[in-house]
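Okay, so here's the structure we're looking at.
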Amino acid sequence: MKDSEVAPVILEARGITKSFGGHEALRGVDLAAHRGDVVAVIGPSGSGKSTFLRCLNFLEKPSGGQVILDGEIFAAADFSGRSHQHRGRLIKLRRRVGMVFQSFNLWPHRTALGNVMEGLTQVLNMPASEAKERAQELLNKVGLASHAGHYPAQLSGGQQQRVAIARTLATEPEVLLFDEPTSALDPELVGEVLSVIQALAREGRTMLVVTHEIGFARDVATKVVFMADGAVQERGSPEDVLRQSQSPTLRAFLSRFRQER
Amino acid sequence: MHATLPFLPYIVGGLAVTILASLVTFACAVAIGLAATLWMTTGHPAAGPIVRAYVAIFRSLPELLCIFLVYYGCEIALQKAAVSFGFRPIPISPFLAVTVAIGVQFGAYSVQIFSDAHRSINPGLFEAAHALGLSPRKVTTRVAIPLILQAAIPGLSNLFSVMLKVSALASVIGLEEVTRRAKIVAGSTREPFAAYAVAVVCFLVIAAAAALLQARLERSFRSTREA
Amino acid sequence: MSESLFFSTTLWFSILRGLQITILLTVLSMAFGLILGTALALVRVYGSALASSVAATYIFVFRGIPLLILLYFLYYGAPQISFLRTGLLWDVLFSSAFGTCILAFSLNNAAYLAEAVRGGILTVKKGQIEAGFAIGLTTRKVISRITLPIAMRNCLSQIGNETIFTIKASSIASIVTVRDLLGQAQYVGNIYYDNITPLLAAAILYLVLVQIVERLIRWADRALKPAPLAGAKGKRPNQLQVVS
Ligand SMILES: Nc1ncnc2c1ncn2[C@@H]1O[C@H](COP(=O)(O)OP(=O)(O)OP(=O)(O)O)[C@@H](O)[C@H]1O
Ligand SMILES: [Mg+2]
């Protein structure tokens with residue numbers, strides 16, 4: 001992974017700001033992910049990690065700044081009004097930037113297979129038979145081939161999250177965003193989801209992972225970003241950020257985890 | 001339209017009958033519902049099955065059918081009584097027939113409202129009253145009934161607005177409320193559109209008033225809760 | 001009540017014919033009501049402020065008018081308007097009591113079902129909708145393939161209640177000469193000079209019909225909500241786990 005510096009930048013955020021009413025949740029966040037990067041985003045609760053991630057695929061419309069995907073600029077200003085002019089571009093951006101949610105958000109009226117097929121048939125316009133085959137492959141990849149016919153309510157949290165990952169992979173996104181993918185899980189189910197994410201990292205996929213799993217950040221990430229108060233406070237290699245940093249806020253944040261251990 | 005104008009007060013005046021009939025019927029239904037709910041809470045072995053059967057039957061029957069059953073049933077009973085006791089048959093009051101028919105029928109709905117209300121009350125409140133040494137009768141009258149009524153207010157206010165609309169069916173057996181009067185006017189003026197339009201407006205005004213009242217009620221409730 | 005009439009095949013044969021009409025009235029007016037009601041609910045939730053308030057007004061008006069008055073208004077009042085007396089609208093709807101009943105019941109059902117569906121839409125989890133957007137679905141597809149199907153399941157029991165309400169309310173069709181279950185019972189009653197017996201027979205059929213519909217709804221509700229085999233659990237506090 002040491003050669004990630006020379007790989008081209010695939011996703012870049014420039015000066016992303018976001019305010020909710022008077023409250024400034026993001027105060028100008030810059031971040032660049034190179035192809036193959038696994039960026040772990042850590043930080044205390046309320047620091048704006050989720051908001052930042054959601055701004056990257058415009059689930060949240062940023063108040064200002066730009067998202068640049070593979071050279072194409074998506075400016076906050078383009079999407080601020082009610083204009084439909086950029087809607088098509090937005091759909092394309094979202095297809096190329098997948099997102100996995102903390103609470104899975106599987107569609108309860110579709111089976112595991114149906115959840116994965118949705119993007120194939122409706123976004124990629126794949127014929128149903130082909131989509132079914134592909135969806136089955138994706139479920140196989142997350143170790144749930146035998147659960148294709150199960151409804152979300154019939155799956156454990158860990159299984160639901162793995163289906164959600166397969167659903168996200170279906171549209172073949174170039175960048176994957178994970179928002180605390182294991183925080184809603186029982187401790188004994190965390191491992192199965194983390195190992196799927198780890199396998200994706202090994203494939204060389206570009207990922208941004210908001211996480212409270214410091215162990216994951218240390219072992220899997222190529223870069224760690226520490227956010228506090230709506231801005232990036234520290235960034236660098238896991239070693240630099242997690243071990244060498246002298247920032248008092250970061251040290252205080254990390255010490256909470258040390259104690260828990 | 002011109003022919004209908006002089007009859008405007010007559011049709012609108014029917015609202016008084018509509019509201020009066022609804023109020024009396026509503027009182028009937030609430031009394032039946034409360035009594036049945038309290039009976040169920042005594043744990044009498046017959047109470048559950050009987051009340052459940054009552055609810056199941058009257059929830060399924062059309063209001064109009066109930067009205068006819070009561071109306072014709074009373075008519076036949078009165079005729080038989082008249083023959084055997086030798087008095088002249090008296091006409092049945094449509095008001096009474098509707099009150100009985102709809103009262104009994106909506107009693108079934110109010111049982112559901114009251115038993116939901118009863119279930120929503122923390123049983124500790126009743127236990128506290130018993131623990132205080134109140135007699136079972138006093139626990140019922142001073143604690144259970146007020147609490148149940150309070151918790152049932154949203155459901156009951158909804159039931160009442162349904163009752164107002166259902167009372168239009170009473171016109172079929174001759175109760176001279178808004179609908180009946182509109183029909184009479186429509187027949188004599190040959191202007192059914194205008195006559196029924198007046199009836200429509202009457203009910204819309206009632207609905208608007210009910211919506212305002214409900215909003216105010218909810219607001220005052222919320223403020224007492226928060227206090 | 002007369003037992004010989006109660007056990008006669010003539011009575012049951014004719015009120016069963018009435019039952020068919022009752023079922024037809026219910027099914028048609030529920031179907032039209034659901035279509036219009038869903039459209040109203042969508043406008044209410046996603047429409048512009050103006051469109052939304054128009055839909056809200058419709059809902060308020062048709063929930064406020066007693067069904068009988070609406071029926072009288074359409075059956076006796078509408079034919080006074082000359083342009084309604086020509087063309088397809090007249091042939092299909094206003095010229096027959098049955099057509100007018102369908103129209104009145106559908107308009108009424110639409111108002112109640114709109115509120116039910118709106119409630120269903122509002123209870124769809126925000127994240128499930130966002131997940132649709134996140135994979136690149138268009139707004140239209142998110143609504144038609146995710147929000148609405150989930151919303152319909154959410155309000156299934158209300159749709160069931162509305163169906164039962166319609167079965168009962170459809171009896172007022174008898175007032176404008178439609179021979180539905182109640183109408184047929186009254187018709188038989190007039191022939192045999194016995195009002196009560198056919199009404200009791202009709203009451204039994206109403207009971208049975210409502211019971212069947214209630215059971216169907218409960219079955220559908222259960223069939224559409226797969227039993228959890230192992231539930232997902234709520235959020236736990238941050239846990240530190242070392243990747244193995
Ligand atoms: N839709 C919203 N409306 C108003 N304020 C919001 C909204 N979403 C987020 N915020 C605010 O923005 C700030 C950042 O929230 P965000 O969810 O991004 O934090 P986070 O770092 O993801 O926290 P956590 O670790 O708890 O998930 C918080 O102060 C939050 O209250
Ligand atoms: Mg978050």
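We name chains A, B, ... by the order of the sequence lines, and we start the count at 1 in each one.
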- request: Could you look at C:Leu182 and say if it's the side chain, the backbone, both or neither that has a heavy atom under 4.5 Å from chain B?
  value: side chain

field: Any residue meeting side-chain hydrogen bond (donor to acceptor under 3.5 Å, both in side chains) with B:Thr179, in chain and number order, not counting sequence neighbours
entry: B:Glu177

Student check: side-chain heavy atoms of B:Leu64 and C:Ser174 closer than 4.5 Å: yes

Interface moiety of B:Arg190 toward chain C, non-hydrogen atoms closer than 4.5 Å: backbone

query: Are B:Phe193 and C:Tyr76 an aromatic pair by the rule of ring centers under 6.0 Å?
result: no

Neighbours of chain C found in residues 155-169 of chain B - heavy atoms under 4.5 Å: B:Lys165, B:Ala168, B:Leu169

task: Would you mind checking which part of C:Ile175 comes under 4.5 Å of any heavy atom in chain B, side chain (CB onward), backbone (N, CA, C, O), both or neither?
output: side chain

field: Sequence neighbours excluded - side chain to side chain donor-acceptor pair (under 3.5 Å) pairs with any residue from residues 90-107 of chain B
entry: none

message: Using every non-hydrogen atom in the two residues, find where B:Leu69 and C:Ile196 come nearest and quote the distance to one decimal.
response: O-CD1, 3.9 Å

message: Counting heavy-atom pairs under 4.5 Å with chain B, which one of C:Asn195, C:Leu67, C:Val210, C:Val208 comes out on top?
response: C:Asn195

field: Separation of B:Leu65 CG from C:Leu200 CG (nearest 0.5 Å)
entry: 8.0 Å

- prompt: So what's closer than 4.5 Å to chain C heavy atoms on B:Ala210: side chain, backbone, both or neither?
  reply: neither

- prompt: Quick one: what part of B:Val172 sits under 4.5 Å from any heavy atom of chain C, side chain, backbone, both or neither?
  reply: side chain

- prompt: With only heavy atoms counted, which part of C:Ala169 is less than 4.5 Å from chain B, the side chain, the backbone, both or neither?
  reply: neither

query: Of all of B:Lys183, B:Glu75, B:Glu63, which one pairs up most often with chain C through heavy atoms under 4.5 Å apart?
result: B:Lys183

- request: Could you tell me the separation between the OG atom of B:Ser60 and the CG atom of C:Leu209, rounded to the nearest 0.5 Å?
  value: 9.5 Å

field: Pairwise side chain to side chain donor-acceptor pair (under 3.5 Å) hits with a residue in residues 160-173 of chain C, at least two apart
entry: B:Tyr109-C:Lys168, C:Asn109-C:Thr166

task: Examine whether an atom of B:Ala197 lies under 4.5 Å from a heavy atom of chain C, and if so say whether it belongs to the side chain, the backbone or both; otherwise answer neither.
output: both

query: Is the number of heavy atoms from other residues, nucleotides or ligands within 6.0 Å of OH (B:Tyr54) greater than 12?
result: yes

message: Quick check for you: to the nearest 0.5 Å, what is the distance between C:Leu68 atom CG and B:Tyr196 atom OH?
response: 8.0 Å

statement: CD1 of C:Ile69 to CZ of B:Phe203, rounded to nearest 0.5 Å, is 4.0 Å

